[in-house]
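Structure, as structure tokens:
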Amino acid sequence: MAIERYNPKQAEIRWQRMWEEARIFETDNDSPAPKYYVLEMFPYPSGRIHMGHVRNYAMGDVVARYKRARGFNVLHPMGWDAFGMPAENAAIQNKVHPRDWTYANIDAMRKQLKSMGLSLDWSREFATCDVDYYKQQQALFLDFLAAGLIYRRNSKVNWDPVDMTVLANEQVIDGRGWRSGALVEQRELTQWFFRISDFAEDLLASLDELDQWPEKVRLMQKNWIGKSEGLSLRWEIADPAAAGGATDIEVYTTRPDTLYGASFLAIAADHPLAKELAAKDPAVAEFCDQCRRAGTSLAALETAEKIGFKTAINVVHPLDPEWTVPVYIANFVLMDYGTGAIFGCPSGDQRDLDFARKYNLPVTPVVMPADADAASFVITDTAYVGDGVMINSRDLDGMTPDAAFSAIAARLEAKTLGNAPQAARKTNFRLRDWGLSRQRYWGAPIPVIHCDDCGVVPVPAKDLPVQLPDDITLEKPGNPLDHHPTWKHVDCPACGKAARRETDTMDTFVDSSWYFARFTAPRHDTPTDPAVASAWLPVDQYIGGIEHAILHLLYSRFFTRAMRQTGHVDLKEPFRGLFTQGMVVHETYRTGGEGKPEWVAPAEVVIEEAEGVRRARHARTGEALTIGSIEKMSKSKKNVVDPDDIIDSYGADTARFFMLSDSPPDRDVIWTEAGVEGAHRFVQRVWRLLGEAAPVLSQVEAATGTAGQALTVSRAAHKTVKAIGEDIEKLAFNKAVARLYELVNTLAAPLSDVAAGKADAELKAACKQAANMVVLLIAPMMPHLAEETWKLLGNDGMVATTPWPDYDASLVTDDQVTMPVQINGKKRGELTIDRNADQAAVEQAVLALDFVRNATGGNPPRKFIVVPQRIVNVVV
RNA sequence: GCGGACGUGGCGAAACUGGUAGACGCAAGGGACUUAAAAUCCCUCGGCCGCAAGGCUGUACGGGUUCGAUUCCCGUCGUCCGCACCA
């Protein structure tokens, strides 16, 4: 019987409307069902969704629909990370207000997302640029400020003197502003900071509990936090007059065990002592300037030679009053790590060694490998950083470095210099406090007021929101809020005198550090409804790109702790499960010219294959094109495929299904036209097979088969139900897809028999059951096709509200197992035997096999290994 | 430089906890149906030998442990990612 091809265009819109009208994806906070919160990283409203979004949201939607079918009360919201620079850039380029540009983009993208048929609760939607959202964020700011979690200090920033703006490190390219091209200056500005470094220890320790996070992300965060244990140690200045009165220099070291190998001290160019010397000596000043200039260019750092400036200062070795070492100012010492000063042990640190060789400083080995000979062990051009045994270290000789560390730490902690212990054990972190001030318009205003008399005065909570003005000029360089004629002028809330608003806005990372909490009660009149937030959080499954492995996730973890401290939530870790999905990549095509490639979009390319060689040519001009490497879809390489085009020609189900098939979800997936067509063939195949059998099956009650072909059908279906459930739990969507193909392949013949009227009652019943299972199994991935076929098969209600099918455990294990039989570890045959056959029975059966008898020659085998239900190995 | 991940057919991949390597898909080749095309269906598809049955070989490379290794260990090569003068 012929059946019309499936028309996704009509069906998909129809079902999207049905779901929306029935409001089945709107989540009730009061449902008694167990909660499940699945969240995909919310998008920046750039204007159009891209294939990366399709992949991300397809995955999240599988989880959401699956968990819903499993009886969970699922929260699956969507919103917009809507503040940020692109809106300002667009405003300048297109003369459109950042707000209008942003909300227009949101409208366009919402429409696109809706066409994907995602089971989202749109009633909770918000954008971070909504006044209500940033009002609540300002309230959080005030609470954090009151709790001492935010402070203000001077800090160096990258300043673009042409655009008159602060640049993020990523916006500084080769020492120049990314847009103006002007040489970037280092400026000191007063900035607001979150005290994230106070939480370093806890943020690090809690990583161990995040066992549903990728190991890779945990490791990246661990390295980013960068804990090191060492000793803070003061060296007495031998000649205080040369140091302008300072009496000691404090250094930080993780290797106090190498103290007897010390041959110099080095301080950063920004060290207070260096600044003091520079004030008196132009040569020092010149050297320090040179260090700072080199420091602005990241590229220069990699190749920078270690250079130093020898000061007139000498310091006394902490363990030998007769021993002094010189003090250098050095370009490789950083002021913002440790104390900005180090002691150099050239034998145990490559940088120190390079430095010592350059300035002819002594190199004394103090640690050698345990099996080396102390008399002959020398350091030439490679420092020895490994473990081993102490040498040339007086009474420490023979100890391990660990023991020497403790011994020296104990000795110097007990010794006093001035009126204080000379040394103290100290833990250092690489993690810096998070600067949140941005000198921009399109962000949440920082709600404080500066008063000449009262200083910094928080905006009273009743005066929130501090709303962005609409009438701004973006063409003029600098911060639009600062040069707005009236906005910043207010009266001081404390004394009533004329005062000024803070004109800085918040870093957009602030917006995304708590949105997951806001979704739990998005219209509440405080940042969260603490009881509701605590019931929903943590997010059970968070899905997004690996590019947020450090900053966004770390900031969100900090924010959750800070919100707990201020009573907004009662948990520490916001995301229980994290999944980082791979990118969508595509071949690139370019015109032949070697010098300047012209990239050509896939939509304009025709691929031909002859004699195993793929060739590309331009669809319009016929010009031969070079097929380039496979890369992340990007505008610059033009290798983008527009989701709208795909949904338009194949439907959302095909796009979703293809995004989930083939590649493991954490790996990159290659978008190919052939692959999409393969996915679409499957959509049509399911439709055809079920559709042709539907006239019969819709008249039949589903039942499990008990014998013959009916039993085979039921076994296959039940096994797949079990396997796909397990696959989705593990987010192994590619495997779930493979099993669907497999099941549909085995059902093809029986379903054709049913359609042709060649099936008996039992087979029909088994096929009905199996067909229903297929529909329910494809539903999380291809929800529209599922609804359509569900109806076709004569079932009631919507798949979206139908529970996940149960499988019969007795059907998923076979009575007989076929085990490979190996002789000396090589497979020589098979044995099919009762599943529960004991060792002796297996042994007897195996020894009776012809090829085994030939191999053993009738003799008893040397060894006989049986792994039950797995394999047999006979060693002869 | 430091840290980590990975390396399996022409391609994307699968293989539970050390137990039949290559499921499933794509591409390719052959065939059926068709006036033809599309669609659909059937067959082949790691390499070598063989008419066949079957055998040998094969998971980057070289070793090792084991009855048995894609999986564990050591070394080499390659690719990718993160951090980076962090004391």
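Note on naming: letters A, B, ... go to the chains in the order of the sequence lines (proteins, then strands), and numbering restarts at 1 for each one. These numbers come from the heavy atoms of this one structure, side chains and all, not from hydrogens, waters or symmetry mates.
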Under 3.5 Å, sequence neighbours excluded: what are the donor-acceptor pairs made by side chains of residues 422-431 of chain A?
residue	atom	partner	partner atom	Å
A:Gln422	OE1	A:Lys415	NZ	3.2
A:Gln422	NE2	A:Arg234	O	2.8
A:Arg430	NE	A:Trp224	O	3.1

Item to check | Side-chain donor/acceptor of A:Asp433 to backbone N/O of A:Ile196, under 3.5 Å | outcome: yes
Item to check | Straight-line distance of A:Ser347 OG to A:Tyr260 OH, nearest 0.5 Å | outcome: 14.5 Å
Next on the checklist: Less than 4.0 angstrom from a charged side-chain N to a carboxylate O is my criterion; do A:Arg853 and A:Asp850 meet it?
Outcome noted: yes
Next on the checklist: Under 4.0 Å, counting only non-hydrogen atoms across every strand here, what does A:Glu742 touch: a base, just sugar-phosphate, or nothing?
Outcome noted: sugar-phosphate
Next on the checklist: Heavy atoms only, 4.0 Å cut-off, all strands: where does A:Arg681 land among base, sugar-phosphate and nothing?
Outcome noted: sugar-phosphate
Next on the checklist: Does a side-chain N or O of A:Lys863 approach OP1 or OP2 of B:rC67 to a distance below 4.0 Å, or not?
Outcome noted: yes
Next on the checklist: For the backbone of A:Val817 and the side chain of A:Asp814, can you confirm whether one donor and one acceptor N or O come within less than 3.5 Å of each other?
Outcome noted: no
Item to check | Sugar-phosphate, base or nothing in reach of A:Arg685, heavy atoms under 4.0 Å | outcome: sugar-phosphate
Checklist entry - Relative to the 5' end of RNA chain B, which residue comes earlier, A:Asn223 or A:Ile546, by the nucleotide with the nearest heavy atom? => result A:Asn223
Checklist entry - Is there a donor-acceptor pair closer than 3.5 Å between any side-chain N or O of A:Asp653 and the backbone N or O of A:Pro8? => result no
Checklist entry - Can you give the dot-bracket line for RNA chain B, using ( ) for pairs inside the strand, [ ] for pairs that cross earlier ones, | for pairs with another strand and . for unpaired bases, where Watson-Crick and G-U count if both distances are under 3.5 Å? => result (((((((..(((......[....))).(((((.......))))).((((....))))..(((((..]....))))))))))))....
Checklist entry - Contacts to RNA chain B from residues 257-267 of chain A, heavy-atom cutoff under 4.0 Å, which residues? => result none
Checklist entry - Does A:Arg828 place a side-chain N or O at less than 4.0 Å from the phosphate oxygens OP1/OP2 of B:rC56? => result yes
Checklist entry - On RNA chain B, nearest-nucleotide positions of A:Ala674 versus A:Lys826: which is more 5'? => result A:Ala674
Checklist entry - Is the distance from OP1 or OP2 of B:rA87 to the nearest side-chain N or O of A:Tyr252 less than 4.0 Å? => result no
Item to check | Euclidean distance, atom NZ of residue A:Lys730 to atom P of B:rU17 [Å, nearest integer] | outcome: 8 Å
Item to check | Distance between P atoms of B:rA21 and B:rU70 (Å, rounded) | outcome: 8 Å
